[in-house]
Amino acid sequence: MKITDIRFGMLRVPLKTPFKTALRTVDKVEDIVVMVHTDDGRVGYGEAPATAVITGDTHGSIVDAIRHYIAPRLIGQDIADLNRVTKLIQDTMEKNTSAKAAVEIAVYDLWGQLYGAPLYKLLGGGDPVISTDITISVDYIDKMVADSVAAVERGFESLKIKVGKDIGVDIERVRAIYAAVEDRALLRLDANQGWTAKEAVYALHALEDAGVRLELVEQPVKARDLEGMRYVTERVHTPIMADESVFGPAEVMDLIRMRAADIINIKLMKTGGISNAIRIADIAGLYGIDCMIGCMLETSISVAAAVHVAVAKSDVITKVDLDGPSLCSYDPVEGGVHFNESEISISDAPGLGIRAIHGLEPI
Ligand SMILES: C[C@H](N)C(=O)N[C@H](CCC(=O)O)C(=O)O
Ligand SMILES: [Mg+2]
């Protein structure tokens with residue numbers, strides 16, 4: 001099964017409600033879809049969001065990286081040589097992790113199709129049903145409480161509360177949500193780099209002293225402030241998770257050596273795809289460190305790939321933040337992984353199982 005062509009489409013899907021973090025407000029998914037064609041008429045699908053504020057990737061840079069750098073190296077390559085193909089993708093250029101991820105996801109989709117098995121089975125197997133949390137956007141306190149209660153009533157047992165805007169209001173936000181849902185859901189906070197290290201310690205001590213139990217706090221300080229991450233991790237009981245601070249395996253090893261966080265958030269758009277996501281899970285596993293698998297604003301194309309990884313590496317990936325499809329107002333994908341509120345299930349279809357994508361605009 002040899003690669004003959006790589007084509008693109010633009011996918012725009014409105015969100016159910018605006019997605020608001022300390023870094024940005026977004027009201028629709030606008031992602032590049034990548035279709036890798038083979039000489040036996042098969043198509044593998046991948047997707048890349050332009051999360052410039054986190055990865056540095058834009059729509060233009062994603063298409064350019066694939067069209068002018070990655071694709072020329074991949075045409076003619078055999079999908080059966082998976083490790084060779086993924087190395088070619090990763091070694092093509094520095095950074096550009098979302099572009100690499102989209103192509104790798106499509107290649108792994110084809111690899112599953114080649115062997116007629118769902119991807120997670122080829123990655124090691126596992127229970128093909130998992131649960132995700134859902135994000136509660138940062139907003140007025142009353143709105144966040146109402147959104148949290150509504151999410152619990154929809155069956156979500158884990159809420160990812162966005163904070164990082166104003167430390168005093170953030171403490172009140174979390175206290176109010178905790179009071180409203182206390183025994184019915186686990187709370188995870190994500191400050192998206194919005195606090196200083198001292199603010200984070202102050203806020204988390206205030207919440208711990210008030211009896212608010214948090215499962216974890218994600219990326220309290222600036223991405224490059226690893227010393228700040230360590231400062232917070234050393235001083236609070238609440239587990240601290242690194243997100244924007246770590247992209248690939250080498251950064252994860254640095255973070256582990258520094259003891260700068262307790263948990264690692266793996267996202268395919270940061271790792272450059274599945275091969276490095278697996279490497280990170282294996283490294284974390286060696287050190288007894290748990291991982292979350294997360295997503296950007298992505299539809300069920302690329303999130304499906306993350307679901308397959310989560311299932312196959314569930315010994316290390318114990319936390320799931322794959323709510324992108326749940327935030328979308330509809331699912332543009334036919335086939336693939338099934339997203340039903342908090343429950344995500346994989347069918348027996350080969351690869352990612354995607355049969356068609358509706359609403360693709362030409363690029
Ligand atoms: C969508 C997911 N639950 C999430 O919150 N991801 C963010 C970044 C998403 C973005 O800004 O596109 C995160 O974990 O920081
Ligand atoms: Mg995050």
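Read the numbers this way: they start at 1 and go in the same order the structure lists the ligands and their atoms.
Contacts between D133 and ligand 1, counted as non-hydrogen atom pairs separated by less than 4.0 Å, are absent for every part of the residue. Contacts of L297 with ligand 1, taken as heavy-atom pairs under 4.0 Å, involve both backbone and side chain. At a 4.0 Å heavy-atom cut-off, ligand 1 does not touch V53 at all. Contacts between L23 and ligand 1 below 4.0 angstrom, taking non-hydrogen atoms only, are absent altogether.
Counting heavy atoms from C-beta outward, L74 and V85 have side chains that approach closer than 4.5 Å. You'll find the side chain of I136 stays beyond 4.5 Å of the side chain of K162, heavy atoms only. P220 places a side-chain heavy atom less than 4.5 Å from the side chain of I240.
Set against the non-hydrogen atoms of T51, the atoms of ligand 1 under 4.0 Å away are 12 (O). Every atom of ligand 1 is numbered from 1 in the order shown, and the set under 4.0 Å from a heavy atom of E218 is 14 (O). Taking a cut-off of under 4.0 Å to the non-hydrogen atoms of D243, the atoms of ligand 1 that pass are 13 (C), 14 (O), 15 (O). Interface of D190 with ligand 1, defined as ligand atoms under 4.0 Å from a residue heavy atom, comprises 13 (C), 14 (O), 15 (O).
For atom 1 (C) of ligand 1, the nearest non-hydrogen atom of the protein is D323 OD1, 3.4 Å.
The Mg ion (ligand 2) has an N, O or S atom of D243 under 2.8 Å away, backbone or side chain. Among the atoms of D190, an N, O or S atom is found under 2.8 Å from the Mg ion (ligand 2).
Here atom 8 (C) of ligand 1 lies nearest to K267 when heavy atoms of R24, E298, Q193, K267 are compared. For the residues G294, A50, C295, the heavy atom positioned nearest atom 6 (N) of ligand 1 is part of C295. Looking at K162, M296, K160, it is K162 that brings a heavy atom closest to atom 7 (C) of ligand 1.
Residue-ligand proximity: Q219 is placed with every non-hydrogen atom at 4.0 Å or more from ligand 1.
For the atom pair OG (S148) and NZ (K160), the distance works out to 14.0 Å, reported to the nearest 0.5 Å. To the nearest 0.5 Å, atoms NE2 (H37) and OG1 (T4) are separated by 7.0 Å. Note that the OG1 atom of T51 and the CG atom of L23 stand 10.5 Å from one another [nearest 0.5 Å]. With rounding to the nearest 0.5 angstrom, the CD atom of Q77 is 9.0 Å from the NZ atom of K2.
By the 6.0 Å and 45° rule, R235 stacks over the aromatic ring of Y231.
Under 4.0 Å is where a charged nitrogen must lie from a carboxylate oxygen, and between R257 and D254 at least one such pair does. Ion pairing between D170 and K165 fails under the 4.0 Å rule for side-chain N and carboxylate O. Contact check on D5 versus R7 returns a salt bridge, with a Lys/Arg side-chain nitrogen under 4.0 Å from an Asp/Glu carboxylate oxygen.
In E218, the N, O or S atom that comes nearest to the Mg ion (ligand 2) is OE2.
Between N192 and ligand 1, at least one N/O pair is under 3.5 Å apart. Residue-to-ligand polar distances place D321 within reach of ligand 1: an N/O pair is separated by less than 3.5 Å.
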